[in-house]
Amino acid sequence: MKIQSEQPIGFMDSGLGGISVLREAVRLMPGEDFIYIGDSAHAPYGTRPQEEIRRLTYDVVDRLLERGIKALAVACNTATGAAVASLRQMYPELPLVGIEPAIKPAVETNRGGRILVMATPMTIRQDKFKRLLAKYEGLAEVVPIPCEGLMEFVEAGTLGGEQLDAYLERVVGPFLTEDTESIVLGCTHCPFLRPDLRSFLKGREIALIDGSYGTARELRRRIEEAGLLRQGHQGSVAIENTSGNPELVRRSYELLQMEL
Ligand code: DGL
C-alpha cells in the first residue's frame, strides 16, 4: 500500500518520557495527526536485557503499524539503541527516527568543562552509546551516569519534592565537579525534570541539554523529504498506554502541555 500524507505519525516510548519529543514534533508539524503509545506496562526498559527491549519495542511498533502510520519516532534512547538499526532494515520505506543522548551539541558548545550524561543503565552499556562516546574521545570529558530508578519518578507524576531531590543528591551529586559545564538529558523522561534539576543545581551555570527538538526536526525533515508532510489541516494527538491505566493517559496529556 502506498503511504499517504493523511496517515498519522507514530510515536513510542517505554512510558511517558517520549512526550518530551512529541511536544516538539507537534509544534513543528501542527497539521499532523499523531498516535503515541507509552509502554508503561513494561516500563522501565532501561534495566532489561537488550534482546527483551528489542522484542518489546517491536511489539509496540507493530501496534502502531496496524494503525496505518506513515512515519515512526522511537522516542526512547534505550529502545533506539536496541532496535532502531533492525527496524530500519525491516521497514526501509518508512521515515523513521530514533533518539540518542545529545552529546554532540554538548561537545560542540563545550568550553573545556566536564559533560555529564544522565541515561538508563542499558543505554550506557549499549555498543551504540560506546561508539558515540568514542567519537568525542579527547575532545571533552564526557561522564555517563546510570540513572536507574529515575524514570519511575516521572511515571508516578513526581516532578519535584524531597524524594526526587534525595535521589539526585545520591545519584548525580557525586559526579558534579566544580568544572561541570553541562548535563545531557539522555533519557526522554528527563526533560520533565528540568525545573527540579535547576533547583538541585542551585543557580549554578550548568547547561541542561536534550535531544528532543533535534529529533523532532529530523523527523520533520524525513517526512518532508518523502513528500508526506501534511499542512493546511488541524492536527491531533491521540495518546494510549499499554498499562490500561487512564491516570497515565491523563498525565501524558498534562505533560504534553507542560511549560518547560
Ligand atoms: N525513556 C527511556 C529512554 O529515553 C528510558 C526509560 C526506561 O528505562 O524505560 O531511554
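When a ligand or atom number is given, it counts from 1 through the structure's own listing order. Because the structure is predicted, anything quoted here is derived from the model rather than measured.
Atom numbering of ligand 1 starts at 1 in the shown order; those under 4.0 Å from a heavy atom of Met151 are 6 (C), 7 (C), 8 (O), 9 (O). Interface of Gly46 with ligand 1, defined as ligand atoms under 4.0 Å from a residue heavy atom, comprises 7 (C), 8 (O), 9 (O). Remark: ligand 1 atoms within the under-4.0 Å shell around heavy atoms of Cys187 are 1 (N), 2 (C), 3 (C), 4 (O), 5 (C). Using a 4.0 Å cut-off to heavy atoms of Tyr45, the atoms of ligand 1 that qualify are 7 (C), 8 (O), 9 (O).
Ionic pairing of Glu100 and Lys128 is present here: one or more N-O contacts between side-chain nitrogen and carboxylate oxygen are shorter than 4.0 angstrom. Salt-bridge annotation for Arg250 and Glu247: present, with a side-chain N of the basic residue lying under 4.0 Å from a carboxylate O of the acidic one. Salt-bridge annotation for Glu218 and Arg222: present, with a side-chain N of the basic residue lying under 4.0 Å from a carboxylate O of the acidic one. Salt-bridge annotation for Arg221 and Glu224: absent, with no side-chain N of the basic residue lying under 4.0 Å from a carboxylate O of the acidic one. Between Arg220 and Glu32, none of the side-chain N atoms (NZ, or NE/NH1/NH2) sits under 4.0 Å from a carboxylate O, so this pair counts as no salt bridge.
Of the polar atoms of Asp13, at least one N or O is found under 3.5 Å from an N or O of ligand 1, judged by distance alone.
The shell of residues lying under 4.0 angstrom from ligand 1, judged by heavy atoms, excludes Gly17. Within the structure, ligand 1 has Cys76 among the residues with a heavy atom less than 4.0 angstrom away.
Residue, atom and distance of the protein heavy atom nearest to atom 3 (C) of ligand 1 are Asn77 N, 3.3 Å. Of all protein heavy atoms, the one lying nearest to atom 6 (C) of ligand 1 is Ser14 OG, 3.4 Å. The nearest heavy-atom contact from the protein to atom 10 (O) of ligand 1 is Thr78 OG1, 2.6 Å.
A 6.0 Å sphere centred on CD of Glu148 holds no more than 12 heavy atoms belonging to other residues, nucleotides or ligands.
Taken to the nearest 0.5 Å, the OG1 atom of Thr180 stands 13.5 Å off from the CD atom of Glu205.
Residue contacts with ligand 1 for Thr188 involve both N, CA, C or O and side-chain atoms from C-beta outward (heavy atoms, distance under 4.0 Å).
Tested against Ile9, the residues Ile69, Leu219, Ile35 include a single side chain to side chain contact (heavy atoms under 4.5 Å, CB included) partner, Leu219.
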